[in-house]
Amino acid sequence: MIVYTGGTFDLFHSGHVRLLKRCRDLAGDDGEVVVSVNPSEFVSAYKEPPICDLFERMEVALADANGVDRFTFYNANRWNFVSSSLEKK
């Protein structure tokens with residue numbers, strides 16, 4: 001099973017850790033966890049801009065992502081690419 005989640009992950013905190021651990025639990029040992037990080041422009045469209053830039057947020061999330069198999073970033077213009085890349089090979 002592939003478990004996909006996305007978020008801003010600005011100022012990474014214990015709630016983010018719990019979310020990623022829950023995704024790993026749902027995917028199981030044979031599954032895959034894919035995390036999408038929202039770019040600053042996307043976030044700024046509906047709330048205050050993030051404090052950290054996209055690459056800083058991805059770096060921090062990656063540092064605590066023991067159970068995450070793949071990271072990407074969300075972009076409305078490339079959703080078809082992202083969603084098709086989630087298909088099992």
Side-chain angles (χ1 to χ4, degrees):
M1 172 191 302
I2 297 173
V3 176
Y4 172 88
T5 191
T8 302
F9 299 100
D10 198 23
L11 302 177
F12 201 78
H13 55 78
S14 61
H16 295 124
V17 173
R18 286 192 300 273
L19 169 67
L20 298 178
K21 286 181 179 178
R22 180 68 177 134
C23 289
R24 177 78 272 159
D25 291 345
L26 288 170
D29 293 337
D30 297 330
E32 189 172 12
V33 176
V34 179
V35 175
S36 176
V37 179
N38 297 329
S40 301
E41 300 79 21
F42 176 82
V43 177
S44 296
Y46 68 91
K47 64 180 187 178
E48 293 293 319
I51 293 169
C52 301
D53 69 30
L54 173 64
F55 297 105
E56 289 172 319
R57 290 182 282 121
M58 288 182 83
E59 182 179 17
V60 169
L62 276 167
D64 201 298
N66 298 329
V68 176
D69 299 296
R70 284 191 278 165
F71 272 88
T72 186
F73 63 92
Y74 175 78
N75 180 330
N77 295 326
R78 35 174 294 220
W79 175 245
N80 289 334
F81 169 77
V82 171
S83 62
S84 67
S85 73
L86 296 177
E87 295 174 11
K88 273 280 195 203
K89 306 225 186 302

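By convention here, the first residue in the shown sequence is residue 1.
Taken together through direct or relayed side-chain contacts under 4.5 Å among Ile, Leu, Val, Met, Phe, Trp and Tyr, L20 and L11 form parts of separate hydrophobic clusters.
For the atom pair S36 OG and N38 CG, the distance stands at 6.0 Å (nearest 0.5 Å). Here CZ of R70 is found 11.0 Å from OH of Y4. Values are rounded to the nearest 0.5 Å. Summarising the geometry, atom CZ belonging to R57 is positioned 10.0 Å from atom CZ belonging to F9; distances are rounded to the nearest 0.5 Å. To the nearest 0.5 Å, atom NE2 of residue H13 and atom NE2 of residue H16 are 3.5 Å apart. We find the NZ-OG distance between K21 and S14 to be 10.0 Å, quoted to the nearest 0.5 Å. E41 CD to L54 CG: the interatomic distance, rounded to the nearest 0.5 Å, is 8.0 Å.
At least one side-chain heavy atom of T8 sits less than 4.5 Å from a side-chain heavy atom of K47. Residues P50 and S44 meet the side-chain proximity criterion, which asks for heavy atoms closer than 4.5 Å.
Relative ring orientation between F42 and Y46 is described as perpendicular, the plane-to-plane angle rising above 60° on a 0-90° scale split at 30° and 60°.
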Can D69 and R24 be said to form a side-chain contact (heavy atoms from CB on, under 4.5 Å), step by step? CA-CA 9 Å; D69 299 296; R24 177 78 272 159; 3.0 Å; yes
Go through M1 and V3 one step at a time and tell me if the side-chain contact (heavy atoms from CB on, under 4.5 Å) criterion holds. CA-CA 6 Å; M1 172 191 302; V3 176; 3.8 Å; yes
